[in-house]
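Here the structure is laid out as structure tokens; the discussion comes afterwards.
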Amino acid sequence: MSSPYHPTNLRRHYEQAAADKTAGEKFYKLLADYKEHNALVLGYKAAAEAIRARDASMFNKMTYVQDAARTFEQAVSLDPQNPEIRFLRFSVESNLPAFLGLSKHVDEDKELLLDAALKHPKSGLDPEAFRTMRDFLVNRGHVSDEQAQRLTKVGE
């Protein structure tokens, strides 16, 4: 748990960064120099790059969004069925303006997330990751009412 790249640490940073610009900068700095090939850590690195784009000047936004897209490609190619990586990409892409043309995995990722969540606890997600994913899908209106009801019945 002491590793800064432990999933629990990365999730905390991500949640804080999603809500706060200073935390976003800290999250980006934590992962900026990460050069190894752990798919999940790369997924969080891509999310950090996307958050940096949110807080960047108009001039730099596109660069960070493109960096994030490339890093997500790398993470997904290393572990294509990992629902947590797909969730990170989905949470970023579903918030990008459509005209950028960088939201091409939204439907595919949502389907994988829904399947994984409905299979839980056999989803490969720990309870914390499952809760985060389920709450995001349900609370942000990414699923139908019927899907939301099914998801809320899934035990942790």
Side-chain angles (χ1 to χ4, degrees), residues 1-28 30-31 34 37-55 64-65 67-98 100 102-156:
M1 176 62 194
S2 60
S3 164
Y5 303 133
H6 187 282
T8 305
N9 282 337
L10 292 173
R11 288 178 197 134
R12 295 281 167 286
H13 275 286
Y14 178 63
E15 282 169 28
Q16 292 164 355
D20 175 73
K21 187 175 178 169
T22 311
E25 195 56 38
K26 200 171 147 188
F27 185 42
Y28 178 79
L30 170 72
L31 291 161
Y34 183 78
H37 297 287
N38 177 306
L40 186 59
V41 178
L42 286 169
Y44 277 99
K45 179 177 182 171
E49 290 166 345
I51 288 171
R52 184 141 205 223
R54 175 198 71 194
D55 300 331
Y64 293 127
V65 169
D67 288 348
R70 272 193 299 275
T71 308
F72 273 129
E73 280 304 312
Q74 191 183 0
V76 171
S77 69
L78 287 168
D79 192 354
Q81 297 306 309
N82 184 313
E84 191 166 357
I85 294 169
R86 294 304 215 41
F87 165 70
L88 291 166
R89 183 169 72 177
F90 177 78
S91 68
V92 167
E93 286 191 2
S94 64
N95 282 304
L96 290 174
L100 292 177
L102 292 167
S103 303
K104 51 187 176 277
H105 308 99
V106 170
D107 295 337
E108 162 197 338
D109 287 349
K110 184 167 101 176
E111 207 167 299
L112 187 133
L113 297 178
L114 209 48
D115 284 351
L118 291 169
K119 281 183 196 137
H120 195 76
K122 294 184 176 82
S123 60
L125 291 164
D126 62 38
E128 179 187 39
F130 167 73
R131 260 191 315 276
T132 301
M133 197 170 91
R134 180 192 59 200
D135 295 350
F136 184 87
L137 288 171
V138 172
N139 299 341
R140 302 276 182 103
H142 288 295
V143 292
S144 69
D145 291 345
E146 186 261 335
Q147 290 167 325
Q149 285 169 352
R150 284 174 59 203
L151 284 171
T152 10
K153 288 181 186 139
V154 175
E156 293 177 23

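All heavy atoms count here, side chains included; hydrogens, waters and symmetry mates do not. All figures in this text were calculated on a predicted structure; none of them were measured in a lab.
Of all the heavy atoms in Y64 and E49, the pair that sits closest is CB-O, 3.5 Å. Closest approach of A75 to L42, counting heavy atoms only: CB-CB, 3.8 Å. In plain terms, the two heavy atoms of V106 and S94 that are nearest each other are CG2-N, 4.0 Å. The shortest heavy-atom contact between L118 and R150 is CD1-NH2, 3.2 Å. Summarising the geometry of V154 relative to A117, their closest heavy-atom pair is CG1-O, 3.5 Å, with the distance given to 0.1 Å. The shortest non-hydrogen separation linking S3 to N9 is O-ND2, 2.7 Å.
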Pair E84-E128, side chain to side chain contact (heavy atoms under 4.5 Å, CB included): steps then yes or no: CA-CA 11 Å; E84 191 166 357; E128 179 187 39; over 6 Å; no
L10/V41 under side chain to side chain contact (heavy atoms under 4.5 Å, CB included): CA gap, chis, key distance, verdict: CA-CA 8 Å; L10 292 173; V41 178; 4.0 Å; yes
Verdict with supporting geometry, E108 and R89, side chain to side chain contact (heavy atoms under 4.5 Å, CB included): CA-CA 11 Å; E108 162 197 338; R89 183 169 72 177; 3.6 Å; yes
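Distance check, rounded to the nearest 0.5 Å: CG of L113 to CZ of R86 gives 8.0 Å. For the atom pair CG of L88 and NZ of K45, the computed distance is 14.5 Å after rounding to the nearest 0.5 Å. Distance check, rounded to the nearest 0.5 Å: CD of E15 to CG of D20 gives 13.0 Å.
Within a 6.0 Å radius of CG in N139, other residues, nucleotides and ligands contribute more than 12 heavy atoms. Atom CG of D107 has 12 or fewer heavy atoms from other residues, nucleotides or ligands within 6.0 Å.
Y28 has its side chain out of reach of I51: every pair of non-hydrogen atoms, C-beta onward, lies at least 4.5 Å apart. Between L125 and F87, the closest side-chain pair of non-hydrogen atoms is not below 4.5 Å. Side-chain atoms of Y5 and L31, non-hydrogen and from C-beta on, do get closer than 4.5 Å to each other. With contacts defined as side-chain heavy-atom distances shorter than 4.5 Å, the pair K110/E93 does not qualify. Counting only heavy atoms from C-beta outward, the side chains of L137 and F90 approach each other to under 4.5 Å. When side chains are defined from C-beta on, Q147 does not count as touching H142, because their heavy atoms never get closer than 4.5 Å. Residues H105 and E73 have side chains in contact (heavy-atom distance under 4.5 Å, counting atoms from C-beta outward).
Under 3.5 Å, the side chains of Y14 and T132 contain no donor-acceptor pair of N or O atoms.
Not one N or O on the side chain of S123 forms a donor-acceptor pair closer than 3.5 Å with the backbone of K119.
Salt bridge annotation for D126-R11: present, with a cationic side-chain nitrogen under 4.0 angstrom from a carboxylate oxygen.
Aromatic ring orientation, F27 versus H13: parallel (interplanar angle below 30°, classes split at 30° and 60°).
Between L151 and the choices R134, H120, E146, the side-chain contact (heavy atoms from CB on, under 4.5 Å) rule is met once, by R134.
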